Number of protein chains: 2
Amino acid sequence: MFQNLDPLLHSQLRLAIVSLLISVEEAEFTYIKEKTKATAGNISVQIEKLQEAEYIKVEKTFKGKYPLTKCSITKKGIKAFEAYVKALQQYIQPAT
Amino acid sequence: MFQNLDPLLHSQLRLAIVSLLISVEEAEFTYIKEKTKATAGNISVQIEKLQEAEYIKVEKTFKGKYPLTKCSITKKGIKAFEAYVKALQQYIQPAT
DNA sequence: AAATTTGGTTTATATTATAAACTTGTTTAC
DNA sequence: GTAAACAAGTTTATAATATAAACCAAATTT
């Protein structure tokens, strides 16, 4: 009846990050920070978890002299997101 | 961009419970247990939280000699659920 | 009358989310 | 030229959550 919801995605911030990356090809750390309004520390932690699970790819480079972190979604991430949304429908769709 | 997700509903088990109650007028503890496959302890705790928030109403009676706990959703619960689903759309709807 | 079952509740623990504090380097103000 | 403020993060500590294990009271079965 109720499929399990992938705990990695069932987190407001991680879901927001993946949601952003789904539609954007690539995003900088600061962009994610602006869009999600979350603290840098929180984002840093959640990005690492998503990366460990290989839901996203993280590339650390430099923009001029400052560090620049770019994130993008992986195939695995897209699949996981789609499965999560599908599972979620069972919870939020009205009636049986 | 991303509205906050009501933490009370953003929990697999509590969401499942509310989801059940939305479409069923009234449900017994054991029914919830069967449908969610969760442990009784976990359900007990989560029901109490939902009740504290006045998202659900809990009525303790007896079925013959055994205790019987009946739950039903409140107006507040319905509203919260609807708001949660609406907020969630922003996360799971593809593209901007 | 001991063991098992029903219908839960309480408590302990493991996991999470989150913010605060810290780091490394850069730019600006004095 | 050096102290203060800023950029872009990371690490660590704490608070909140989810969850299961242990427990309880009464009823039933063996």
Side-chain angles (χ1 to χ4, degrees), chain A residues 2-20 26-53 55-72 80 84 87-88 91, chain B residues 2-20 26-53 55-72 80 84 87-88 91:
Chain A
F2 293 113
Q3 269 174 255
N4 278 335
L5 300 173
D6 182 346
L8 241 133
L9 292 181
H10 197 62
S11 138
Q12 175 162 335
L13 183 48
R14 286 196 301 271
L15 187 61
I17 292 170
V18 168
S19 175
L20 275 179
E26 191 171 76
E28 300 178 6
F29 189 101
T30 50
Y31 175 81
I32 293 172
K33 187 161 181 292
E34 274 165 34
K35 288 291 178 181
T36 63
K37 313 282 192 202
T39 61
N42 198 358
I43 294 168
S44 180
V45 169
Q46 307 312 332
I47 278 182
E48 205 185 333
K49 284 184 188 173
L50 289 170
Q51 180 188 18
E52 269 168 31
Y55 284 8
I56 69 172
K57 191 166 66 77
V58 179
E59 204 188 343
K60 280 162 196 302
T61 63
F62 282 86
K63 173 167 61 181
K65 296 175 176 176
Y66 290 112
L68 177 68
T69 300
K70 284 183 197 170
C71 304
S72 59
Y84 172 77
L88 201 55
Y91 292 78
Chain B
F2 294 111
Q3 269 174 254
N4 278 335
L5 300 174
D6 182 345
L8 240 132
L9 292 181
H10 197 62
S11 138
Q12 176 163 334
L13 183 48
R14 285 196 302 271
L15 187 61
I17 292 170
V18 168
S19 175
L20 274 180
E26 189 171 76
E28 300 179 7
F29 190 101
T30 50
Y31 174 81
I32 293 171
K33 187 160 179 292
E34 274 165 35
K35 288 291 179 182
T36 62
K37 312 281 192 204
T39 61
N42 198 358
I43 293 167
S44 179
V45 170
Q46 306 312 331
I47 278 181
E48 204 184 332
K49 285 185 187 173
L50 289 170
Q51 180 188 20
E52 268 168 32
Y55 284 7
I56 69 173
K57 190 165 67 76
V58 179
E59 203 188 341
K60 278 164 198 300
T61 62
F62 281 86
K63 172 167 62 181
K65 296 174 176 177
Y66 289 115
L68 176 69
T69 301
K70 284 183 195 169
C71 303
S72 58
Y84 172 77
L88 201 55
Y91 292 76

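These numbers were taken from a predicted model, which means no experiment stands behind them.
Remark: of the listed residues B:Leu20, B:Leu15, B:Leu13, B:Leu20 is the sole one forming a side-chain contact (heavy atoms from CB on, under 4.5 Å) with A:Phe2.
Listed by first then second residue, pairs satisfying side chain to side chain donor-acceptor pair (under 3.5 Å) with a partner in residues 26-45 of chain B read B:Asn42-B:Gln46, not counting sequence neighbours. Among residue pairs with one or both ends in residues 55-69 of chain B, those qualifying as side chain to side chain donor-acceptor pair (under 3.5 Å) are B:Asp6-B:Tyr55; sequence neighbours excluded.
Across all their heavy atoms, B:Lys49 and B:Leu8 have their closest contact at O-CD2, 3.8 Å. Shown here for B:Ala87 and B:Leu5, the closest heavy-atom pair between the two residues is CB-CD2, 3.8 Å. Shortest non-hydrogen contact noted between B:Cys71 and B:Ile47 is SG-CD1, 3.7 Å.
Summary of helix geometry: the two end axes of the helix from C:dA1-D:dT30 to C:dC30-D:dG1, each defined by five base pairs via their C1' atoms, are inclined to each other by 20° (rounded to 10°).
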Footprint string (nucleotides 4-21 of chain C, 5' to 3'): B base within contact, S backbone only, - free, heavy atoms under 4.0 Å: --BSBBBB-----SBBB-
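Put simply, CZ on B:Phe62 is 14 Å from P on D:dA25, counting in whole angstrom units. For A:Leu5 and D:dA18, the CG to P distance is 12 Å, given to the nearest whole Å.
In this structure A:Phe29 satisfies the ring-ring contact (aromatic ring centres under 6.0 Å, His included) test with no other residue, sequence neighbours excluded. The side-chain hydrogen bond (donor to acceptor under 3.5 Å, both in side chains) check on B:Gln3 picks up B:Gln90, with sequence neighbours excluded.
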